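Bear in mind the structure is a predicted one, so any value in this text is a computation, not a measurement.
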Amino acid sequence: MKSNWRVTWFKPVRAGVVRTKNSVSFAAELPEGRDFEECGVIVVDQKKESHRIPFQQEGRRGALYGLKLEGEDLEAFSYNFYQGDEIITDPYACQVLGLEAWGEEAPQEEGLYTRRRTSAFLGEDSFDWQGDEPLKIPLEESIFYGLNVRGFTMHKSSGVKARGTFEGLIEKLPYLTQLGVTAVELMPCYEYDECMAPQACFMGPEGTLPVLAENSSADKMTDEGRTSQEAKEKRNQVRLNCWGFQKGFYFAPKASYSAVGSPVISFKRLVREFHKNRIEILMHFYFPPEIRQMQILEVIRHWVIEYHIDGVRLGGYHIPFRLIAEDPVLKNTKIRCSFVPGEDLPAIENPAFKNFITDNGNFRNDMRRFLKGDEGLINQALFYQRRNPKAHGVVNCMADYDGFSLYDSVCYERKHNEANGEDNRDGTDVNYTWNCGVEGECRKKGVQELRLRQIKNALSFVFLSQGVPFLFGGDEFASSRQGNNNCYCQDNETGWVNWKKSGFAREILDYTRFLIRLRREHAILHMKEELLVMDSIGCGYPDISYHGIEAWRPDLSFISRIVGIMLCGQYAPGGKESLYIVCNMHWEGHKLALPRLGRNKRWEKIADTALPAGCGAARQEGEDGEGISHDESVISVCSRSVAVFRTVKSGRGRKSRS
């Protein structure tokens with residue numbers, strides 16, 4: 001140890017490292033029951049000289065050990081903890097060295113797989129936040145957009161310079177701003193080693209990576225006739241975990257996602273620039289069973305305080321819902337999780353700022369079944385469409401990082417995961433999708449037109465429902481994963497977003513932008529409170545009502561696949577226009593009633609997914625910006641289509657037609 005350094009020991013109250021001008025305090029939690037082994041800190045200074053400093057009993061409290069190092073030349077150095085012969089990288093490290101190069105394997109020792117060596121780094125990373133603060137956008141005004149930091153801009157078609165990085169996302173800000181999303185949800189971008197052990201196999205429950213046993217079915221003769229030796233060789237190839245759903249260094253941004261060398265600076269700049277464009281940043285975390293609840297709470301607090309993030313999406317085990325809900329620091333932080341236990345529901349209610357968000361039941365699977373025409377789903381579809389609980393928000397999505405992409409959900413019924421190296425055994429076998437008659441890519445005009453319509457229908461379900469809409473990056477312009485419904489290890493064109501836009505893709509993008517604009521312009525589509533299906537203000541119309549062949553008399557039977565939904569604009573703040581949404585998921589056309597309006601008003605069609613390509617959302621309102629007026633009380637509804645009408649004053653609109 002350097003002669004100008006002075007060491008003292010203290011009894012810490014929590015793990016972590018605290019730095020002052022001329023000192024550094026280390027607090028480490030080390031495994032109990034190993035008192036016979038020496039433990040301490042290994043410090044590597046700026047000259048790459050290593051210094052081993054042991055902990056002492058006088059600085060121990062339970063399983064926590066603390067020491068304070070004072071002196072000169074403490075500006076920037078790396079460190080690790082040690083216990084006997086074991087080297088331990090600080091799980092509370094705010095920056096980690098050794099993982100800067102994406103996908104770089106550690107040298108193998110005697111043919112055995114080894115992890116890359118890592119160390120914690122402690123250096124000064126000053127940053128000018130320029131007065132930045134979390135945006136606190138209300139849930140009812142939110143539109144979520146999920147993406148993988150690397151996969152979003154790695155494809156050459158992305159057109160960015162810093163591909164696959166935080167800086168690459170900043171380059172895509174103009175696109176995201178024009179799209180109209182209010183929050184970007186980043187898949188795990190905390191530090192982790194993406195090089196998986198050769199025997200790590202397909203994604204298990206909650207994104208875990210279970211180990212494939214030596215006597216597993218991969219060693220047996222496969223259906224294709226491959227030998228067990230061939231299966232072993234394929235399995236023993238080191239693969240990359242592009243998704244990051246594994247234990248990692250939860251307090252450090254991922255270094256390989258930084259284009260400037262400092263992941264701390266890169267991520268802070270990302271947040272600041274997104275906030276300038278009124279887009280929030282949410283981070284996705286996965287916590288395996290061994291992570292304790294208090295550490296989960298500390299992780300969330302760290303990113304909110306240190307990086308100004310606006311929210312988190314939590315997956316894994318033992319999520320401390322009540323601790324998070326009761327933490328005063330997190331009262332304005334969005335907390336997304338798949339569910340909240342019933343006993344914790346009272347704790348998460350936050351009248352000042354609704355910040356907890358859960359999945360809207362089984363929205364994705366049930367609405368996919370409704371989309372393909374399954375029976376017995378009309379009541380469930382209407383429930384999802386209006387659901388907006390008082391205690392928490394709900395998220396609606398038709399596709400996410402897992403499972404089929406939105407485009408693939410209308411092109412494939414079976415998973416095609418052979419490239420993952422698990423003989424197509426990984427990923428879910430039940431996708432609730434319909435391929436429109438042909439498995440995979442197809443150039444037949446009729447099939448393409450049907451797929452285009454089905455994608456538009458799916459987008460309509462998401463954006464015309466009361467919950468928070470969620471899009472996964474690329475779904476708004478038909479990005480495909482070639483039928484792979486579990487592409488966690490595909491660091492290639494399968495897992496990357498392809499930004500090349502065909503006419504088909506542009507049509508979907510136009511319609512997505514139209515839906516986002518429509519949602520923003522009509523508050524009745526995103527109310528703060530759940531609609532009651534009753535006339536609570538005495539205006540003559542319920543806030544939401546349902547209709548069938550006859551107005552006010554919907555067919556909600558088991559075999560019904562068609563319904564009209566009227567949203568009365570008078571219930572929305574400053575709202576005037578009402579909307580009428582027609583959903584027909586039957587393979588045949590039907591007649592449907594239009595509810596009668598008051599004097600000097602009529603219905604005007606502003607969107608119809610049955611319109612052919614070339615009559616996209618940007619043009620569905622006609623040459624003069626106005627829609628198609630309807631004086632009839634009954635309209636014809638095409639098969640497998642969604643149409644949207646709005647109220648206008650009589651005399652406005654083009655020539656009436658049904």
Phe470 ring centre to Arg336 NZ or CZ under 6.0 Å, with the angle to the axis within 45°? yes
Does NZ or CZ of Lys331 come closer than 6.0 Å to the centre of the six-membered ring of Phe353, within 45° of the ring's axis? no
Under 3.5 Å, is there a donor-acceptor pair between the side chain of [X] and the main chain of [Y]?
{"X": "Glu191", "Y": "Gln95", "answer": "no"}
{"X": "Ser405", "Y": "Ser479", "answer": "yes"}
{"X": "Glu100", "Y": "Gly98", "answer": "yes"}
{"X": "Trp499", "Y": "Phe152", "answer": "yes"}
{"X": "Arg239", "Y": "Met196", "answer": "no"}
{"X": "Glu280", "Y": "Ile137", "answer": "yes"}
{"X": "His526", "Y": "Arg519", "answer": "yes"}
{"X": "Thr89", "Y": "Thr118", "answer": "yes"}
{"X": "Glu476", "Y": "Gly474", "answer": "yes"}
{"X": "Ser266", "Y": "Ser262", "answer": "yes"}

Mind checking ring pair (Phe, Tyr, Trp, His ring centres under 6.0 Å) for Trp129 and listing every partner two or more places apart, or none if nothing turns up? Phe127, His308
Is a salt bridge present between [X] and [Y], judged by a nitrogen-to-oxygen distance below 4.0 Å?
{"X": "Arg14", "Y": "Glu298", "value": "yes"}
{"X": "Arg61", "Y": "Glu29", "value": "no"}
{"X": "Glu306", "Y": "Lys268", "value": "yes"}
{"X": "Asp402", "Y": "Arg364", "value": "yes"}
{"X": "Asp132", "Y": "Arg272", "value": "no"}
{"X": "Arg301", "Y": "Asp327", "value": "yes"}
{"X": "Lys528", "Y": "Glu140", "value": "no"}
{"X": "Arg52", "Y": "Glu38", "value": "no"}
{"X": "Lys254", "Y": "Glu194", "value": "yes"}
{"X": "Asp193", "Y": "Arg117", "value": "no"}

When you compare the side chains of [X] and [Y], does any donor N or O come within less than 3.5 Å of an acceptor on the partner?
{"X": "Asn420", "Y": "Asn484", "value": "yes"}
{"X": "His275", "Y": "Asp310", "value": "yes"}
{"X": "Asn388", "Y": "Glu529", "value": "no"}
{"X": "Asp90", "Y": "Tyr79", "value": "yes"}
{"X": "Gln295", "Y": "Tyr92", "value": "no"}

Scan the side chains in residues 158-165 for donor-acceptor partners under 3.5 Å anywhere in the protein, sequence neighbours excluded, and list what turns up.
{"from": "Ser158", "atom 1": "OG", "to": "Thr153", "atom 2": "O", "distance (Å)": "2.9"}
{"from": "Ser158", "atom 1": "OG", "to": "His155", "atom 2": "O", "distance (Å)": "2.8"}
{"from": "Arg163", "atom 1": "NE", "to": "Met154", "atom 2": "O", "distance (Å)": "2.8"}
{"from": "Arg163", "atom 1": "NH2", "to": "Met154", "atom 2": "O", "distance (Å)": "2.7"}
{"from": "Thr165", "atom 1": "OG1", "to": "Ala162", "atom 2": "O", "distance (Å)": "2.7"}
{"from": "Thr165", "atom 1": "OG1", "to": "Glu167", "atom 2": "N", "distance (Å)": "3.3"}
{"from": "Thr165", "atom 1": "OG1", "to": "Gly168", "atom 2": "N", "distance (Å)": "3.0"}

For side chain to side chain contact (heavy atoms under 4.5 Å, CB included), just list the numbers for Leu314 and Ile300, CA-CA rounded to whole Å, side-chain angles, deciding distance to a tenth of an Å, and then say yes or no. CA-CA 10 Å; Leu314 304 177; Ile300 301 172; 4.0 Å; yes
Has Arg292 got more than 12 heavy atoms of other residues, nucleotides or ligands less than 6.0 Å from its CZ? no
With a cut-off of 6.0 Å (strictly less than), are more than 12 heavy atoms of other residues, nucleotides or ligands near NZ of Lys276? yes
Which pair of heavy atoms, one from [X] and one from [Y], lies closest together, and at what distance?
{"X": "Pro134", "Y": "Ile309", "answer": "CG-O, 4.2 Å"}
{"X": "Pro263", "Y": "Gly261", "answer": "CD-O, 3.5 Å"}
{"X": "Ala325", "Y": "Ile348", "answer": "CB-CA, 3.9 Å"}

Take Leu176 and Phe274 through the side chain to side chain contact (heavy atoms under 4.5 Å, CB included) test and state the conclusion after the steps. CA-CA 10 Å; Leu176 294 171; Phe274 269 63; 3.8 Å; yes
Which distance, rounded to the nearest 0.5 Å, do you find between the [atom1] of [X] and the [atom2] of [Y]?
{"X": "Ile42", "Y": "Ile87", "atom1": "CD1", "atom2": "CD1", "answer": "3.5 Å"}
{"X": "Glu349", "Y": "Phe356", "atom1": "CD", "atom2": "CZ", "answer": "12.0 Å"}
{"X": "Leu297", "Y": "Glu326", "atom1": "CG", "atom2": "CD", "answer": "10.5 Å"}
{"X": "Ile88", "Y": "Leu30", "atom1": "CD1", "atom2": "CG", "answer": "5.0 Å"}
{"X": "Cys337", "Y": "Ile357", "atom1": "SG", "atom2": "CD1", "answer": "8.0 Å"}
{"X": "Ile143", "Y": "Leu471", "atom1": "CD1", "atom2": "CG", "answer": "8.5 Å"}

Candidate pair Tyr190 and Phe285, rule ring-ring contact (aromatic ring centres under 6.0 Å, His included), full reasoning: CA-CA 8 Å; Tyr190 50 82; Phe285 289 92; 5.4 Å; yes
Show your working on ring-ring contact (aromatic ring centres under 6.0 Å, His included) between Tyr401 and Phe245 and close with a plain yes or no. CA-CA 12 Å; Tyr401 66 91; Phe245 293 110; 5.0 Å; yes
With ring pair (Phe, Tyr, Trp, His ring centres under 6.0 Å) as the test, pick out the partner of Phe267 among Tyr257, Phe251, Tyr307. Tyr307
Ring centres under 6.0 Å, that's the criterion: do Phe55 and Trp9 meet it? no
Residues His302, Tyr250; criterion ring-ring contact (aromatic ring centres under 6.0 Å, His included); working and verdict: CA-CA 9 Å; His302 171 77; Tyr250 293 110; over 10 Å; no
Candidate pair Asn332 and Asn355, rule side chain to side chain contact (heavy atoms under 4.5 Å, CB included), full reasoning: CA-CA 6 Å; Asn332 294 326; Asn355 64 323; over 6 Å; no
Apply side chain to side chain contact (heavy atoms under 4.5 Å, CB included) to His51 and Asp45, showing your working. CA-CA 8 Å; His51 309 272; Asp45 62 24; 2.9 Å; yes
Using side chain to side chain donor-acceptor pair (under 3.5 Å), reason through Glu493 and Asn498 one step at a time and then give a plain yes or no. CA-CA 7 Å; Glu493 294 199 3; Asn498 188 334; 5.0 Å; no
Kindly write out the residues that satisfy salt bridge (charged side-chain N to carboxylate O under 4.0 Å, His left out) with Arg150, not counting sequence neighbours, or none if the list is empty. Asp491
